[in-house]
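Written out below as structure tokens is the structure these notes cover.
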Amino acid sequence: MTVETFPKNIKNLNYSLRGELVDNIKYIEKEIQTGKNLPFQEVIHSHLGNPHILGQQPLTWIRQGLSLVTYPELFNLPNISSLYPQDIIERSKYILSRVKGGVGSYCDSQGLQYVRETISRFISRRDETSEPDIENIWLDNGASSLIHTSLSCLIEYPSDGIMIPIPEFPLYTAMITKLGGTPVKYYIEESSEKWKISTQEMQVALDKARNKGINVKSLVIINPGNPNGQVLSLESIKQIIEFAYNNRLVILADEVYQDNIYTVNKKFHSFSKVVKSLKVDQEVFSFHSISKGFFGECGLRSAYMELSNFDQSVKTEIRKIINVNMGNNTLGQIAFSLALEPPTEGSPSYNLFISEKNKILEGLHRKAIIMHEMFNKMKNIQCCSIEGALYAMPLVKFSEKSWKEAEKIGMHVDCFYAMECLKNTGIVIIPGSSFGQKDGTAHFRITLLPPEEKIRGVLEKFHVFNDEFHEKYKD
Ligand SMILES: Cc1ncc(COP(=O)(O)O)c(C=O)c1O
């Protein structure tokens with residue numbers, strides 16, 4: 001094999017969240033280990049939504065359950081009741097009674113039946129609707145895999161188009177490219193206050209693409225948004241559904257950040273719930289994952305998708321794709337079931353669960369406020385309010401000199417800025433150009449995940465770097 005023999009779609013693939021900048025981290029960490037004199041002694045991994053790597057603790061309830069189902073011999077310990085609360089012992093025994101052959105066996109490709117039942121009850125509680133049919137719930141190793149599955153149902157020819165928000169979570173362009181389709185970009189509008197998704201902008205993008213002969217089939221919505229943290233109001237969701245319905249577009253609703261909302265004025269509304277309430281037969285793939293929220297269990301790789309209003313023949317085809325993978329990982333599914341059906345009030349694990357959950361969510365909320373305030377005090381930086389998800393995505397106004405300096409080394413100015421930031425502070429940010437942005441603008445994305453006791457220190461360090469950068473490259 002040589003690169004020349006590689007499929008074009010793979011060669012065209014570019015997943016910018018794991019590119020050159022991130023490769024530099026390993027190199028710098030090695031330098032720190034070998035005692036090289038650097039202006040910092042620690043790399044702050046504030047680039048990825050990977051909560052545990054930044055010290056977020058796993059929920060005891062989930063980990064206790066995983067330990068018991070993984071090593072059932074523990075049930076026989078004479079002092080088991082002093083080691084584990086009774087509710088997790090009972091839940092774990094129940095789980096094992098529903099998992100044929102235990103966690104080391106392949107499961108049904110669609111996911112463990114008891115987990116799908118748990119998810120169905122979760123959706124019903126969350127949306128205050130009836131329990132969806134478990135035949136419409138599909139599990140896989142992460143939302144990434146499910147998004148890939150759904151996109152593969154939509155893309156056959158290069159002219160097949162998928163509408164994606166810009167800035168986007170780059171997984172979408174990468175997967176559309178890999179599958180040989182065409183991303184159709186609609187821009188999320190940015191004001192000094194907030195990011196806003198508008199159906200007018202979507203219509204412009206759609207008309208332009210269809211006029212060029214692109215067969216636009218689907219619309220991706222990320223709510224709450226990554227990278228820009230907007231949360232959609234109920235009214236906006238209704239408008240988007242109307243837009244998708246009128247234009248015959250399947251909705252891919254990426255809702256993995258549904259627990260991460262920091263604005264008191266808005267709450268999470270799932271697309272599937274709103275579609276039901278509107279009584280339209282709009283097709284929706286809706287994704288949720290254990291990687292985000294207050295769980296942050298990215299390494300366990302588990303997510304589900306709920307299908308709304310799909311024809312039975314479509315589901316049969318999807319099953320063929322999923323069957324090829326021989327099922328998905330059982331421990332991730334079990335962890336997800338524990339996360340979505342936590343201990344109930346009055347049960348022995350309840351207080352600890354709630355205090356761990358609140359500590360994480362309230363901490364993220366406080367950090368969102370601190371970041372917003374501190375960035376807006378920095379020179380040439382404008383940061384919209386962080387309504388949800390795990391990120392801030394500030395706009396940076398660069399001098400002409402910095403644009404030119406970056407151009408000389410073949411970089412976008414925000415890549416140059418992010419590289420300089422890493423070299424001078426150890427703080428890893430992702431340049432806005434990795435997510436797409438309007439031409440002539442520059443941004444960066446940073447996560448809310450550094451620990452609360454460190455966040456001000458990290459931002460103060462960033463403040464100094466930012467001042468020095470703009471001073472050095474002023475016109
Ligand atoms: C918007 C969005 N969708 C999907 C994913 C993928 O999640 P998973 O870890 O479940 O594959 C991520 C991960 O960061 C994300 O931000």
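Each ligand, and each atom within it, is numbered from 1 in the order the structure gives. This structure is a prediction, so every number in the text was calculated from the model and none was measured.
- Counting atoms of ligand 1 from 1 in the listed order, those under 4.0 Å from a heavy atom of I222 are 1 (C).
- If you run side-chain contact (heavy atoms from CB on, under 4.5 Å) between P224 and each of I261, I386, L390, only I261 comes through.
- Of the protein's non-hydrogen atoms, the one nearest atom 3 (N) of ligand 1 is D254 OD2, 2.6 Å.
- Across V216, I214, T199, a single residue satisfies side-chain contact (heavy atoms from CB on, under 4.5 Å) together with L206, and that is V216.
- Residue Y106 qualifies as open at atom OH: its count of foreign heavy atoms under 6.0 Å is 12 or below.
- Close contacts of ligand 1 with S291, meaning ligand atoms under 4.0 Å from a residue heavy atom, involve 8 (P), 9 (O), 10 (O).
- Closest to atom 6 (C) of ligand 1, if we only count protein heavy atoms, is S144 OG, 3.4 Å.
- The shortest N or O to N or O distance between K292 and ligand 1 is below 3.5 Å.
- Ionic pairing of K359 and E356 is not present here: no N-O contact between side-chain nitrogen and carboxylate oxygen is shorter than 4.0 angstrom.
- Taking the six-membered ring for Trp, F287 and F271 have ring centres at least 6.0 Å apart.
- Neither the backbone nor the side chain of F287 comes within 4.0 Å of ligand 1, counting heavy atoms alone.
- With sequence neighbours excluded, the residues satisfying side chain to side chain contact (heavy atoms under 4.5 Å, CB included) with N265 are T263.
- Here the heavy atom of the protein found nearest to atom 7 (O) of ligand 1 is A143 CB, 3.8 Å.
- Between S289 and ligand 1, an N or O atom pair is found at a separation short of 3.5 Å.
- In terms of N/O distances under 3.5 Å, ligand 1 is not approached by S302.
- Counting atoms of ligand 1 from 1 in the listed order, those under 4.0 Å from a heavy atom of Y257 are 1 (C), 14 (O), 15 (C), 16 (O).
- Regarding atom 15 (C) of ligand 1, its nearest protein heavy-atom neighbour is F169 CE2, 3.4 Å.
- The contact set between ligand 1 and R301, taken as ligand atoms under 4.0 Å from a residue heavy atom, comprises 8 (P), 9 (O), 11 (O).
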Requested in this report: Determine, step by step, whether V275 and D281 satisfy the side-chain contact (heavy atoms from CB on, under 4.5 Å) criterion, reporting the C-alpha distance in whole Å, the side-chain angles of both residues, the deciding distance to 0.1 Å, and the verdict.
Outcome: CA-CA 7 Å; V275 159; D281 57 355; over 6 Å; no
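- Below 30°, between 30° and 60°, or above 60°: for Y391 and Y257 the angle between ring planes is above 60°, a perpendicular geometry.
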